[in-house]
Amino acid sequence: MKPIQMVDLVGQYQRIKPEVDAALQRVIDGAVFINGPEVKEFEKELAVHNGSKHVIACANGTDALQIAMMALDLKPGDEVITASFTFVATVEVVGLLGITPVFADVLPGTFNLDPDDIERKITPRTKAIVPVHLFGQVADMEPIMAIAKKHGLYVIEDNAQAIGATYTFADGSKRRSGAIGHIASTSFFPSKNLGCYGDGGALFTNDDELARKLRRVCNHGSEVRYYHEVVGVNSRLDSLQAAVLRIKLRHLDEYNAARNKAASFYDAAFAGIDALHVPERSANSTHVFHQYTLRVTDGRRDGLKQHLEAHGVPAMIYYPVSCHLQNAYKSDRAPEGSLPVTERLTHEVLSLPMSTELDNEQLTHITDTVKSFFTQQ
Ligand SMILES: *Cc1c(COP(=O)(O)O)cnc(C)c1O
């Protein structure tokens, strides 16, 4: 059996090596490393794949969130409602810009923001909502967009984990994740569903004026060289990364299907173990399984993790401490106990290996090891 890793990027590269190597060589031969044609082509191709009017590439997913908030002119004193059960990036850029993060709780099944709790957290200072499409499923965007409209708020989708997922509205119409809010951000960190070979990120919008503002912020606040209209940043995707991403984008749907296949294998194996809750599928979103995240509800999550690791199966806790309980972001507004679902999940969740390369032998070893933990004691 091949050793099991959380993500197998070497195996994935081996399958596309000739294409990737040729593309990288082409960029090096052309020596246009920044703002070259590869980046422009990738932006166009990703816009088509996602059904978004504009894609603006940038340096990473954290920058993308910050650029979105700068383009919307969010300022100190403004409040942004987001999840506490997430990777810290969202909260970090809110903090950097001097904006106040306000945390809403998530739903225990999908791990995504609870629209009712978002509405409860709105104040006269609220300017935006940032739903995070956690682990590969789109947050419940229809009610979230309705709340935003009612209160005049912007919605920035943090789509770092769900690129390629599809959301279905009540009328049957469908949109990709990242094509629903006013702006969306994503990350091409190597282990993301669409990952490059270094850092990368992008912004999505269907609004021409917002697209112009986003591009301007990315480019030192400038539209005409050496004339700076607003405070900006330097955030760009380099051509080598764009070349890799153009190739991997053509495989994205197939990659997400491979992840779903592994997830179905896990689901079938774990049916009937009372203390294990397999990931709930949202009623209105497909799942692209950035993570396959179990809930272990008998208090033995850490024991299961140790048992797996002792048998050559890595497992990770995403996330062990929620944002509102991090030393950097603690506040009286969200004391311990104020987000009960979020806090409970940090003690229950366990993510199993998930990648495009898991074979049946590895999956069988993983599921047998999980099952042996529950039968042996
Ligand atoms: C990965 C990730 C980010 C940040 O992306 P980087 O490219 O690492 O800066 C932001 N939000 C979420 C939910 C993520 O998973």
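For ligands, and for the atoms within them, numbers begin at 1 and follow the listed sequence. Worth knowing before you read on, the calculation uses all heavy atoms, side chains too, and leaves out hydrogens, waters and symmetry mates.
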Shortest non-hydrogen separation from S185 to L65 and the atoms involved: OG-CD2, 3.3 Å

Test of ring centre spacing under 6.0 Å for F265 and F270: no

Would you mind listing each N/O atom of ligand 1 next to any protein N/O under 3.5 Å, plus the distance?
{"residue": "ligand 1", "atom": "5 (O)", "partner": "S187", "partner atom": "OG", "Å": "3.3"}
{"residue": "ligand 1", "atom": "7 (O)", "partner": "G61", "partner atom": "N", "Å": "2.8"}
{"residue": "ligand 1", "atom": "7 (O)", "partner": "S187", "partner atom": "OG", "Å": "2.7"}
{"residue": "ligand 1", "atom": "9 (O)", "partner": "N60", "partner atom": "OD1", "Å": "3.4"}
{"residue": "ligand 1", "atom": "9 (O)", "partner": "G61", "partner atom": "N", "Å": "3.3"}
{"residue": "ligand 1", "atom": "9 (O)", "partner": "T62", "partner atom": "N", "Å": "2.8"}
{"residue": "ligand 1", "atom": "9 (O)", "partner": "T62", "partner atom": "OG1", "Å": "2.5"}
{"residue": "ligand 1", "atom": "11 (N)", "partner": "D158", "partner atom": "OD1", "Å": "3.4"}
{"residue": "ligand 1", "atom": "11 (N)", "partner": "D158", "partner atom": "OD2", "Å": "2.8"}
{"residue": "ligand 1", "atom": "15 (O)", "partner": "Q161", "partner atom": "NE2", "Å": "2.8"}
{"residue": "ligand 1", "atom": "15 (O)", "partner": "K192", "partner atom": "NZ", "Å": "3.0"}

Salt-bridge contact E45-R250 (side-chain N to carboxylate O under 4.0 Å): no

Lys/Arg-Asp/Glu bridge criterion (N-O < 4.0 Å) met for R281, D267: yes

Ring centers of H290, F135 separated by less than 6.0 Å: no

No-hydrogen, no-angle side-chain donor-acceptor test under 3.5 Å, S351 and T293: yes

